[in-house]
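We count ligands from 1, going down the list as the structure has it; atoms in each ligand are counted the same way.
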Amino acid sequence: MSAKILDGRATKDAIFEELRPRVAELAERGRAPGLATVLVGDDPGSHSYVRAKHNDCAKVGINSIRRDLPASSTQGELEAVLDELNADPACTGYIVQLPLPDHLDSGALLERIDPAKDADGLHPASLGKLVLGEDGPLPCTPNGIIALLRRHGVELDGAHVAVVGRGITVGRPMGLLLTRRSENATVTLCHTGTRDLAAEVSRADVVIAAAGKPGLITPEMVKPGAAVLDVGVTRTDDGLSGDVHPDVGEVAGFISPNPGGVGPMTRAMLLSNVVEAAERESD
Ligand SMILES: NC(=O)C1=CN([C@@H]2O[C@H](COP(=O)(O)OP(=O)(O)OC[C@H]3O[C@@H](n4cnc5c(N)ncnc54)[C@H](OP(=O)(O)O)[C@@H]3O)[C@@H](O)[C@H]2O)C=CC1
Ligand SMILES: Nc1nc(=O)c2c([nH]1)NC[C@@H]1CN(c3ccc(C(=O)N[C@@H](CCC(=O)O)C(=O)O)cc3)C=[N+]21
Ligand SMILES: [Mg+2]
């Protein structure tokens, strides 16, 4: 392995250290931030992510509230939980863990979140602000990827970035963040309609693999020295698998391990959104 490691765990810990005094100051002013999670059903992956988010809150001093509901919950029951969180002053931000069971309308539920409490940055109002360049919570995974690259000195200004995947949680907002003037990257957004994925990836200085297809990015596709971010997570019988083939580490200049890369950064940005929203409200 010749690539430098983009260490998401260590970077998350550094961000937590920066958040802790801000949380303490908010609490002193009677504006203690509180993050709530809404979890429906018993998907083991979702349970493990939600548990990690509550552990993170404890480390940073953020109060956390858990609403776990059975898979059989109705749309109306979920709506009642969201209305209650929207009205609860102890909850300054919250997330609805995705995916939800198929019988629920996730779009309608995400829209019901009070935009001022949108910790994920995935409410239509927050995504609209991102498009317009207005201040608001940013989607956690793409924002975490930018923080990880910046803190490891990877240049984005003028860089060519290949984003693989146009999903709403990662790929689509990733392109929006990277093409802001503050990042100034040139982005190619790839998907299943992309004619020659290898050709697009091989031109890139930074590759962001968010397709959820194990081993999709192979060493032959990657420009020597490129930074490669492995976002995809697929659960198989032999454990978790990323989108980046393990041999890519021999060609890349920087690589994010998976686990230990983008996942912890997603959680760091979630807490950062909660702290920022509480600071905004108390100004
Ligand atoms: N580590 C972390 O913190 C997080 C990880 N994830 C993981 O990231 C991945 C993406 O998440 P999400 O955006 O929600 O997923 P989606 O399923 O919404 O999107 C996947 C995207 O990948 C594209 N795609 C699939 N196969 C290929 C292929 N062979 N070539 C090119 N493009 C392809 C799809 O194209 P098309 O649109 O044409 O179907 C789609 O746009 C998932 O594995 C998810 O588990 C997500 C959030 C956080
Ligand atoms: N409303 C909503 N917001 C999300 O942000 C959201 C979601 N729903 N649904 C699912 C995806 C996935 N996701 C991850 C978060 C952390 C890790 C993470 O911390 N992973 C650790 C390993 C954790 C483990 O081993 O279980 C790591 O990569 O090192 C991974 C994936 C957030 N998502
Ligand atoms: Mg990871």
Side-chain angles (χ1 to χ4, degrees), residues 5-13 16 35-41 43-56 67 82 93-100 104 106-107 109-110 113 117-123 126 137-145 147-148 162-175 188-201 207-218 221 229-236 239-244 256-274:
I5 299 297
L6 298 167
D7 186 339
R9 282 189 191 125
T11 310
K12 174 206 66 165
D13 288 341
F16 280 6
L35 172 70
T37 60
V38 179
L39 174 61
V40 185
D43 176 68
S46 294
H47 270 263
S48 124
Y49 298 145
V50 165
R51 199 180 316 117
K53 288 166 187 174
H54 288 268
N55 289 337
D56 292 344
R67 295 280 180 268
L82 302 195
Y94 69 99
I95 66 144
V96 176
Q97 183 70 26
L98 302 173
L100 292 171
L104 296 171
S106 6
L109 290 169
L110 290 182
I113 297 173
K117 295 190 178 189
D118 173 26
D120 256 335
L122 297 177
H123 188 283
S126 306
L138 296 173
C140 298
T141 304
N143 199 30
I145 289 169
L148 189 61
V163 177
V164 185
R166 56 181 159 191
I168 291 302
T169 49
V170 194
R172 174 82 60 196
M174 188 80 250
T188 304
L189 203 50
C190 306
H191 43 75
T192 56
T194 298
R195 199 165 291 151
D196 189 348
L197 181 67
E200 305 300 344
V201 169
V207 180
I208 299 174
K213 291 285 173 273
L216 179 66
I217 306 301
T218 57
M221 292 181 184
L229 289 110
D230 191 0
V231 188
V233 181
T234 308
R235 267 161 214 277
T236 64
L240 297 186
S241 186
D243 284 357
V244 174
S256 78
N258 187 354
V262 174
M265 291 302 294
T266 298
R267 285 156 38 206
M269 293 301 110
L270 176 69
L271 298 203
S272 158
N273 275 345
V274 173

Evaluate side chain to side chain contact (heavy atoms under 4.5 Å, CB included) for Asp56 paired with Leu270, printing each intermediate quantity in order.
CA-CA 10 Å; Asp56 292 344; Leu270 176 69; over 6 Å; no
Please state which option from [options] has its nearest heavy atom closest to [atom].
{"atom": "atom 32 (C) of ligand 2", "options": "Thr266, Thr37, Val233", "result": "Thr266"}
{"atom": "atom 18 (C) of ligand 2", "options": "Ser256, Gly263, Gly45", "result": "Gly263"}
{"atom": "atom 14 (O) of ligand 1", "options": "Val170, Thr169, Asp243", "result": "Thr169"}
{"atom": "atom 10 (C) of ligand 2", "options": "Lys53, Gln97, Met265, Arg9", "result": "Gln97"}
{"atom": "atom 21 (C) of ligand 2", "options": "Pro264, Gly8, Ala268", "result": "Pro264"}
{"atom": "atom 1 (N) of ligand 2", "options": "Leu240, Leu39, Leu270, Asp120", "result": "Asp120"}
{"atom": "atom 7 (C) of ligand 1", "options": "Ile208, Val231, Ile145", "result": "Val231"}

With only distance considered, is [X] within less than 3.5 Å of ligand 2 through an N or O on each side?
{"X": "Leu122", "result": "no"}
{"X": "Ser48", "result": "yes"}
{"X": "Asn258", "result": "no"}
{"X": "Arg267", "result": "yes"}
{"X": "Ile95", "result": "no"}

How far apart are the closest heavy atoms of [X] and [Y], and which atoms are they?
{"X": "Ile95", "Y": "Gln97", "answer": "CD1-OE1, 3.5 Å"}
{"X": "Ala119", "Y": "Gly93", "answer": "CB-C, 4.3 Å"}
{"X": "Ser256", "Y": "Asp230", "answer": "OG-N, 2.9 Å"}
{"X": "Tyr49", "Y": "Val233", "answer": "OH-CG1, 3.7 Å"}
{"X": "Asn273", "Y": "Leu138", "answer": "ND2-O, 3.0 Å"}
{"X": "Ile217", "Y": "Ala209", "answer": "CG1-CB, 3.8 Å"}

For [X], which part has a heavy atom under 4.0 Å from ligand 2: side chain, backbone, both, or neither?
{"X": "Pro259", "value": "both"}
{"X": "Val96", "value": "backbone"}
{"X": "Pro99", "value": "neither"}

Is the shortest side-chain heavy-atom distance between Leu39 and Ser46 below 4.5 Å?
yes
Could you tell me if the side chain of Leu216 sits less than 4.5 Å from the side chain of Val164, heavy atoms only?
yes
Using a 3.5 Å cut-off on N or O atoms only, is Thr192 in polar contact with ligand 1?
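Min N/O separation from ligand 1 is below 3.5 Å for Thr192.
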Polar contacts were defined as any N/O atom of the residue lying under 3.5 Å from an N/O atom of the ligand; does this apply to Val233 and ligand 1?
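Yes - when backbone and side-chain N and O of Val233 are compared with those of ligand 1, one distance drops under 3.5 Å.
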For ligand 1, which atoms sit closer than 4.0 Å to a heavy atom of [X]?
{"X": "Lys213", "answer": "26 (N)"}
{"X": "Arg166", "answer": "21 (C), 36 (P), 37 (O), 38 (O), 40 (C), 41 (O)"}
{"X": "Gly165", "answer": "21 (C), 22 (O), 23 (C), 41 (O)"}
{"X": "Thr266", "answer": "2 (C), 3 (O)"}
{"X": "Gly167", "answer": "13 (O), 18 (O), 19 (O), 41 (O)"}

For [X], which part has a heavy atom under 4.0 Å from ligand 1: side chain, backbone, both, or neither?
{"X": "His191", "value": "both"}
{"X": "Thr141", "value": "side chain"}
{"X": "Leu216", "value": "side chain"}

Heavy-atom contact under 4.0 Å between Gly260 and ligand 2?
yes
Decide yes or no on side chain to side chain contact (heavy atoms under 4.5 Å, CB included) for Thr11 and Met265, but give the supporting numbers first.
CA-CA 7 Å; Thr11 310; Met265 291 302 294; 3.7 Å; yes
Starting from the C-alpha separation in whole Å, work towards a yes-or-no answer on side chain to side chain contact (heavy atoms under 4.5 Å, CB included) for Arg67 and Thr37.
CA-CA 6 Å; Arg67 295 280 180 268; Thr37 60; over 6 Å; no
Applying side-chain contact (heavy atoms from CB on, under 4.5 Å) to Pro173 and not counting sequence neighbours gives Leu130, Pro139, Pro142
Apply side chain to side chain contact (heavy atoms under 4.5 Å, CB included) to Thr192 and Arg166, showing your working.
CA-CA 9 Å; Thr192 56; Arg166 56 181 159 191; 4.2 Å; yes
Thr234 touching ligand 1 at heavy-atom level, < 4.0 angstrom
no
Does ligand 1 have any atom sitting under 4.0 Å from a heavy atom of Thr194?
no
For Asp7, side chain to side chain donor-acceptor pair (under 3.5 Å) partners two or more places apart:
none
Between CD1 on residue Ile208 and OG1 on residue Thr188, distance to nearest 0.5 Å
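So the gap between those two atoms works out to 11.5 Å.
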Using a distance-only test with no angle check, is there a side-chain donor-acceptor pair under 3.5 angstrom linking Thr266 and Thr141?
yes
